[in-house]
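Notes for the one structure printed next.
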Amino acid sequence: MPDVELLGLIATGHPCEAVYEYFTEILNEQQCKRWESRSSHGYSSLQAIVCEHLQPACERLLYHFTTLYGYALWTERYDKLLDIVAVRGCIDGLKILMQQLERYLADITKVSLSFQEFMKWMEDSKFNGESDLFNTLNRTVLVKFSEGGPEAERKNYDQWLVIDYIRNSFASDGLKHYFESVSSEGK
């Protein structure tokens with residue numbers, strides 16, 4: 001379970017043997033950059049598909065279905081052609097789909113931000129060959145004393161987003177629940 005080992009690493013600052021080997025011998029800077037680039041591109045592509053294609057299509061469908069609903073209410077002319085209940089069911093289903101798209105977009109954004117923080121943590125947590133292998137890992141707040149008193153210097157990543165990414169998206173797909181119900185219904 002790599003997520004448990006990474007959570008232990010972020011909590012204690014001391015890597016287990018497998019994590020140490022992975023960071024020092026397997027994962028190099030070029031691979032990190034490639035991983036970050038491909039993942040960021042994937043997340044932005046998913047956001048673009050939702051924003052540029054799916055949401056506008058749903059909005060157009062909703063417009064046309066509401067027009068059809070208005071025609072269906074005109075029973076003297078369209079009574080035999082349009083069923084009010086069926087059209088209302090389509091509108092309700094479309095509204096549910098639009099709500100799911102909003103949640104999906106929010107989750108893509110959340111996973112993307114968590115991944116960015118995870119990559120900042122990876123960058124900040126490079127092994128330096130000294131006795132404290134992760135010299136910046138457990139810094140939450142460093143206190144510096146200056147003339148004006150203590151000043152807090154924050155690290156450049158949010159550890160809670162890093163933990164969220166490790167728990168929910170590192171070892172598995174954090175967005176898979178959007179696709180599992182569809183694939184199980186089709187069987």
Side-chain angles (χ1 to χ4, degrees), residues 1-56 98-181:
M1 279 200 203
D3 52 339
V4 173
E5 292 169 344
L6 285 175
L7 287 172
L9 173 62
I10 200 168
T12 65
H14 300 291
C16 67
E17 188 175 315
V19 171
Y20 179 81
E21 179 183 327
Y22 181 73
F23 278 115
T24 56
E25 297 176 14
I26 298 172
L27 189 65
N28 62 31
E29 187 174 341
Q30 183 181 10
Q31 290 169 328
C32 277
K33 294 288 184 194
R34 188 178 315 133
W35 181 16
E36 183 176 12
S37 170
R38 289 178 180 175
S39 295
S40 296
H41 177 71
Y43 292 134
S44 62
S45 294
L46 288 173
Q47 289 170 328
I49 288 169
V50 171
C51 292
E52 295 173 10
H53 301 287
L54 296 176
Q55 285 179 330
M98 292 174 77
Q99 289 171 348
Q100 282 293 97
L101 284 174
E102 285 294 324
R103 277 189 229 117
Y104 181 61
L105 187 59
D107 284 350
I108 291 170
T109 303
K110 179 183 173 188
V111 170
S112 177
L113 290 173
S114 297
F115 176 74
Q116 289 172 358
E117 293 300 307
F118 175 75
M119 292 310 291
K120 288 178 187 176
W121 173 70
M122 294 277 289
E123 178 76 24
D124 201 38
S125 303
K126 297 290 185 200
F127 286 100
N128 62 4
E130 298 173 8
S131 60
D132 62 336
L133 297 174
F134 280 75
N135 61 346
T136 57
L137 181 63
N138 281 326
R139 287 184 303 159
T140 302
V141 176
L142 294 178
V143 178
K144 294 190 313 186
F145 291 98
S146 64
E147 294 175 10
E151 294 179 9
E153 178 185 312
R154 294 213 165 260
K155 59 183 178 277
N156 62 357
Y157 60 87
D158 182 350
Q159 75 237 16
W160 299 112
L161 287 175
V162 173
I163 290 170
D164 180 62
Y165 181 78
I166 291 171
R167 280 187 177 161
N168 300 320
S169 300
F170 181 74
S172 64
D173 183 7
L175 302 170
K176 70 179 177 185
H177 62 277
Y178 287 101
F179 304 101
E180 286 179 336
S181 62

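Heavy-atom basis, side chains included; hydrogens, waters and symmetry copies ignored.
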Next item on the list: Output, in order, the C-alpha distance, side-chain angles, deciding distance and verdict of side chain to side chain contact (heavy atoms under 4.5 Å, CB included) for I108 and Y178.
Entry: CA-CA 11 Å; I108 291 170; Y178 287 101; over 6 Å; no
Under the side-chain contact (heavy atoms from CB on, under 4.5 Å) rule, collect the residues that match up with [X], sequence neighbours excluded.
X: N168; value: D164
X: E102; value: Q55
X: Q31; value: L27, N28, R34

How many angstroms lie between atom [atom1] of [X] and atom [atom2] of [Y], to the nearest 0.5 angstrom?
X: L101; Y: L54; atom1: CG; atom2: CG; result: 5.5 Å
X: E5; Y: E17; atom1: CD; atom2: CD; result: 10.5 Å
X: Y165; Y: S112; atom1: OH; atom2: OG; result: 10.0 Å
X: Q47; Y: Y43; atom1: CD; atom2: OH; result: 10.5 Å

Next item on the list: Describe, in one word, how the ring planes of F118 and W35 are oriented to each other, choosing from parallel (under 30°), tilted (30 to 60°) and perpendicular (over 60°).
Entry: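 Because their plane-to-plane angle is over 60°, the rings of F118 and W35 count as perpendicular.
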Next item on the list: Could you check K33 against Q30 for side chain to side chain contact (heavy atoms under 4.5 Å, CB included), going step by step and ending with a plain yes or no?
Entry: CA-CA 5 Å; K33 294 288 184 194; Q30 183 181 10; 5.8 Å; no
Notebook entry, point to check: Quick check: are there more than 12 heavy atoms from other residues, nucleotides or ligands sitting under 6.0 Å from NE2 of H53?
Noted result: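 Check passes, neighbour count above 12.
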Next item on the list: Show your working on side chain to side chain contact (heavy atoms under 4.5 Å, CB included) between Y104 and L46 and close with a plain yes or no.
Entry: CA-CA 10 Å; Y104 181 61; L46 288 173; 3.5 Å; yes
Note to self: Restricting to non-hydrogen atoms, name the atom on L105 and the atom on C51 that form the minimum distance, rounded to 0.1 Å.
What the structure shows: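 In this case the closest contact between L105 and C51 is CD2-SG, 3.7 Å.
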Margin query: Using every non-hydrogen atom in the two residues, find where E117 and D158 come nearest and quote the distance to one decimal.
Written below: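 That would be OE1-N, 2.6 Å.
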Notebook entry, point to check: Do Q116 and S40 get their side chains close enough for a donor-acceptor pair, meaning under 3.5 Å?
Noted result: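 The criterion, which ignores hydrogens and geometry beyond distance, is not satisfied for S40 and Q116.
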